[in-house]
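Down below is the structure, laid out as structure tokens.
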Amino acid sequence: MAVSQETLDEIALSREEYDLIVAKLGREPNGLELGMFGALWSEHCGYKHSKPLLREFPSGGDAALARAGEENAGAVNIGGGLAVVFKIESHNHPSAVEPHQGAATGVGGIVRDVLAMGARPVALLNSLRFGPPDDARNRYLFDGVVAGISAYGNCIGVPDVGGEVAFAPCYAGNPLVNAMCAGLAPVGGLTRAAADTPGDVFLLVGSATGRDGIHGASGLASRTFEEEREMRPTVQVGDPFLEKVLIEACLEAAASGLLSGMQDLGAAGLTSSVMECAARGGTGVRLDVSRVPRREPGMSPYEVMLSESQERMLLIVRPDNAEGVRRIFERWDVPVAEIGEVTADGMALVRDGDALAAEVPVAALVDAPQYRPPAARPAYLDALQSAPSPPAPSPSEAGRILRALLAAPNIASKRAVHRRYDHEVQTRTVVKPGAGGAAVLRIRETGKGLAMAVDGNGRMAYLDPYTGGAMAVAEACRNVAAAGAAPLAVTDCLNFGDPRKPEVNHQLRECVRGMADACRALGVPVVSGNVSLYNETQGEAIHPTPIVGAVGLLDDARDALSAAFGGGCAALLLGGAPGASSSDRDAAALAGSEYLAVTHGTVAGKPGIDLDAEARLQRLLVALARARLLRSAQDCSDGGLAVALAESAILGGAGFIGGGLPAGRWDAALFGESPSRAVVSCAEADVARVESAAREEGVPCARLGATGGDRFVIQGLVDEPLADLAAAYFGGLEAALGK
Amino acid sequence: MPPRYGVLVFPGTWSDADWLHALEGPVGAAAEPVFHKETDLSRFDCVVVPGGFSYGDYLRPGAIARFSPVMEAVAAFAGAGGPVIGSCNGFQVLCESGLLPGALMRNASLEFRCQPQRLRVERAAAPFTEGLREGEPLSVPISHGDGNYYADAETLARMEANGQIAFRYCDADGAATPEANPNGSLGNIAGVTNEAGNVLGLMPHPERAVEELLGGTDGLRLLRSLDGALRERVGV
């Protein structure tokens, strides 16, 4: 074997995988061929440890136009001749190395995934995780990531309409940056990413190719890393201006009908882009790297094929359409180069002018080995799940604890983040970021509305991977339903540690099982997704963190609900905690709660979820919004019932006075986080109709009190001026960041 | 024939579609995009320079767009008395082109700001603000990183004397306080006109405030005021 261990390490292939390549080719691969295998067989491109698991997700549904893994993003029919196209993707490791550019190029990449479907990007969301904000490095990462998303998203004119930010010690060395993009396309105008017609030519459009980002897929995204400095050259620098122009030119080309296919260039650059198109089409490719526009002279075929330079797209066109497509891009002053063609022989043939650079079967390149490493239930689970809840503090502490929770960085208003993102461009945003658990966009053409939310709770998944996975799906869909939208489909990003560790692999498997069960219970398919493994530093894995992006549809955008209480309304709690006895219920409600973490410094307990109750609650929320019976609706999760009530009161500028809490421990009633609940407000005259609708759906419905005034009162426990709670809520994040 | 608006499109412009929707929809006018390579604006009654990041804001916001072929035509159009309105990046382009006095610097916070904003109408005059009341606070959102208006003392004094300050950032009561200033602008200035009064630049986005569903219609009042003046001009 001529290949050195050093070379294999560089491309993150094992000796066994190398031997497999030799067996497939019947010879040793040359350097470029090996590099191409390394990229396509990376975890990032090849899903070596996750593909069999992802098959557990329901992927179909009547409305699904493109399913997970088939195309660059999922697509769902939303009527009126339109499709919503969406996907979420991680950019965790690049953001850990260089937060600004890492996050910026994460946005750029997910936007191109949606663009590749022929869809106009209409919304961005993101889910971010950092270490505690009292540490200077975590603040640096937070600032850099938010600045990067802001700089890139604002420049391309795609509104950033929502998402979540959370802090926990396990993310200190390994922040999570998951970016979601949604787009709209005519159903008949969706472009595929398949090169299925021999003779079609490949046009490379956009940025010139440079030496940046080589080994991003195999090195940065597919293994753990300790020495950030050595990785810096593998992070790319984004040019959002070019991305914006590329969006316009590509959409014009897609609308012209001149394209056979379109594909973005992301991880592993030209290699994965071209080979995945050929694999989908069952064809071969002939490329000439000497025709690829370069940023600098002297680049080797290896560098050209594996560069991850940003803002590039690959177009597949019939030769007689090439001139028309070229004219569109020239009008926008975007460089176009014809770099090769589709062939019938199933071979990937790469030339550098007259010299042969690589010749391998496409099928071998895209057929990454798949692993099912052993899984073992983590040893920590039993101890944490059976740990008794800490005793309840004196009820006189309730007001103080509520204020502390409202100011806690995980719960406090993220206004300081949202206002750095343009969330209104394209004039569709009906429910704006921070106004509810989901953003709602109006679809101008049909008057319908699209609600979107991203959610995930690593603490719950850490305490019970199955339940945490199910809860992530349930919460994202619940947020969408609370806005009044029927959940259509979800996209997911699985952020885990090293899957070769049996305990991590157990977390991954159980989480996926819980997510799949929740998807089936709620009737939502997973139409796209991404897996980010090896999220570890110094051998410590992050909490298993499944992040779910949900998209739902409102028949009429005017029915959209925010979380803000109307004044002079009744406040109701829909749904109730599962559990046989009240002490079991209290323990499950307190498990993994923000209250336990903030007040008691504890992450413990065993959370639970009743998926049938969840589905009923969500159906009820959608029906109530459709009947226009509610003034506000808000999912009851982080911080529990008291925080949900306080947030609705603060956002609506209307106080609250009430009681009527569930029996049991007062702290569990106020701050427990049992899922499948929502706080709603409605006109007094509509209370009976809401109650009767809840009864019909089999959802518990309890009147909590009335809204109005300038105090927030939960009888016997909390009596605070609303302004004080608002100050805690709006000032909490900035205070934690020392601003 | 309703008034015709030409909405400029530079590479990197992104409020063009919002302007076209606002003008053709709620305002009820005729509007079409004008690509930056065009040089003939003779068919328009008003030119709109929309927001965005023309040329990526590279060098300085508006600094490259001013050299676009269409900007020579805009200067000639304005020179002949034609109404030109620039919002956000459009305001920056008009300042860089010398069609408006002053400059827009980085926000004092050094951060981008997208938020609801109150503006006080400083002057009700044709062609832009005739239909508004002087001193009334409008609610029109902002979304920019470089909206910190500056002009030297002499220029500013001349502008004040000529009534060229169109809008100031204010609070809900119409007071132009430092707390109500989102970007550090001199004198809370949010919008200015040229000396002749036919070129208006403002940082806020009136085209985003034209529907109740999206949070308000104060922007529509400004656009209807402009449209009314244009209708008188073209004799509709």
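In the text below, chain A, chain B and the rest are named by the order of the sequence lines, each starting its count at 1. Everything numeric here is computed off the predicted structure, so don't read it as measured data.
Note on E243(A), R444(A), R415(A), H418(A): by heavy-atom pairs under 4.5 Å with chain B, the leading option is R444(A). With respect to chain A, the highest number of heavy-atom pairs below 4.5 Å among D18(B), D57(B), D16(B) belongs to D18(B). Among L242(A), N154(A), V158(A), the residue with the largest count of heavy-atom pairs under 4.5 Å with chain B is N154(A). Chosen from Q115(B), E207(B), E212(B), R113(B), the residue pairing most often with chain A at heavy-atom distances under 4.5 Å is R113(B).
Side-chain atoms of D160(A) and N126(A) include a donor-acceptor pair closer than 3.5 Å. The closest side-chain donor-acceptor pair between N148(B) and N183(B), if any, does not fall under 3.5 angstrom. Neither side chain, R168(B) nor S185(B), offers a donor N or O lying under 3.5 Å from an acceptor on the other. Using modelled atom types and a 3.5 Å distance limit, the side chains of E211(B) and H21(B) yield a donor-acceptor pair.
The pair R118(B)-D218(B) fails the salt-bridge criterion, with no side-chain N (NZ, NE, NH1 or NH2) lying under 4.0 Å from an Asp/Glu carboxylate O. Ionic pairing of E424(A) and K432(A) is present here: one or more N-O contacts between side-chain nitrogen and carboxylate oxygen are shorter than 4.0 angstrom. Using a cut-off of 4.0 Å between Lys/Arg side-chain N and Asp/Glu carboxylate O, K414(A) and E164(A) are scored as not salt-bridged. Taking a cutoff of 4.0 Å between a charged side-chain nitrogen and a carboxylate oxygen, D559(A) and R628(A) qualify as a salt bridge. D422(A) and R208(B) are joined by a salt bridge, as a carboxylate oxygen and a charged side-chain nitrogen come within less than 4.0 angstrom of each other. With respect to R331(A) and E252(A), a salt bridge is recorded, a charged nitrogen being found less than 4.0 Å from a carboxylate O.
Residues of residues 46-54 of chain B lying under 4.5 angstrom from chain A, judged on non-hydrogen atoms, are F53(B) by number.
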**Request:** Take V93(B) and M71(B) through the side-chain contact (heavy atoms from CB on, under 4.5 Å) test and state the conclusion after the steps.
**Result:** CA-CA 9 Å; V93(B) 172; M71(B) 285 311 294; 3.8 Å; yes

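With a 4.5 angstrom heavy-atom cutoff, F35(B) touches chain A only via side-chain atoms. Of the atoms belonging to S109(B), not a single heavy atom falls under 4.5 Å from chain A. If you measure heavy-atom distances from H205(B) to chain A, you find no contacts under 4.5 Å at all. Within the 4.5 angstrom heavy-atom criterion, only side-chain atoms of H36(B), from C-beta onward, approach chain A. Within the 4.5 angstrom heavy-atom criterion, only side-chain atoms of R442(A), from C-beta onward, approach chain B. Contacts between T427(A) and chain B at a heavy-atom distance below 4.5 Å involve backbone atoms as well as side-chain atoms. Using a 4.5 Å cut-off between heavy atoms, V245(A) touches chain B through its side chain atoms alone. I156(A) touches chain B through its backbone: at least one of N, CA, C or O sits under 4.5 Å from a heavy atom, while the side chain does not.
Environment of CZ in R133(B): sparse, with no more than 12 heavy atoms of neighbouring residues, nucleotides or ligands closer than 6.0 Å.
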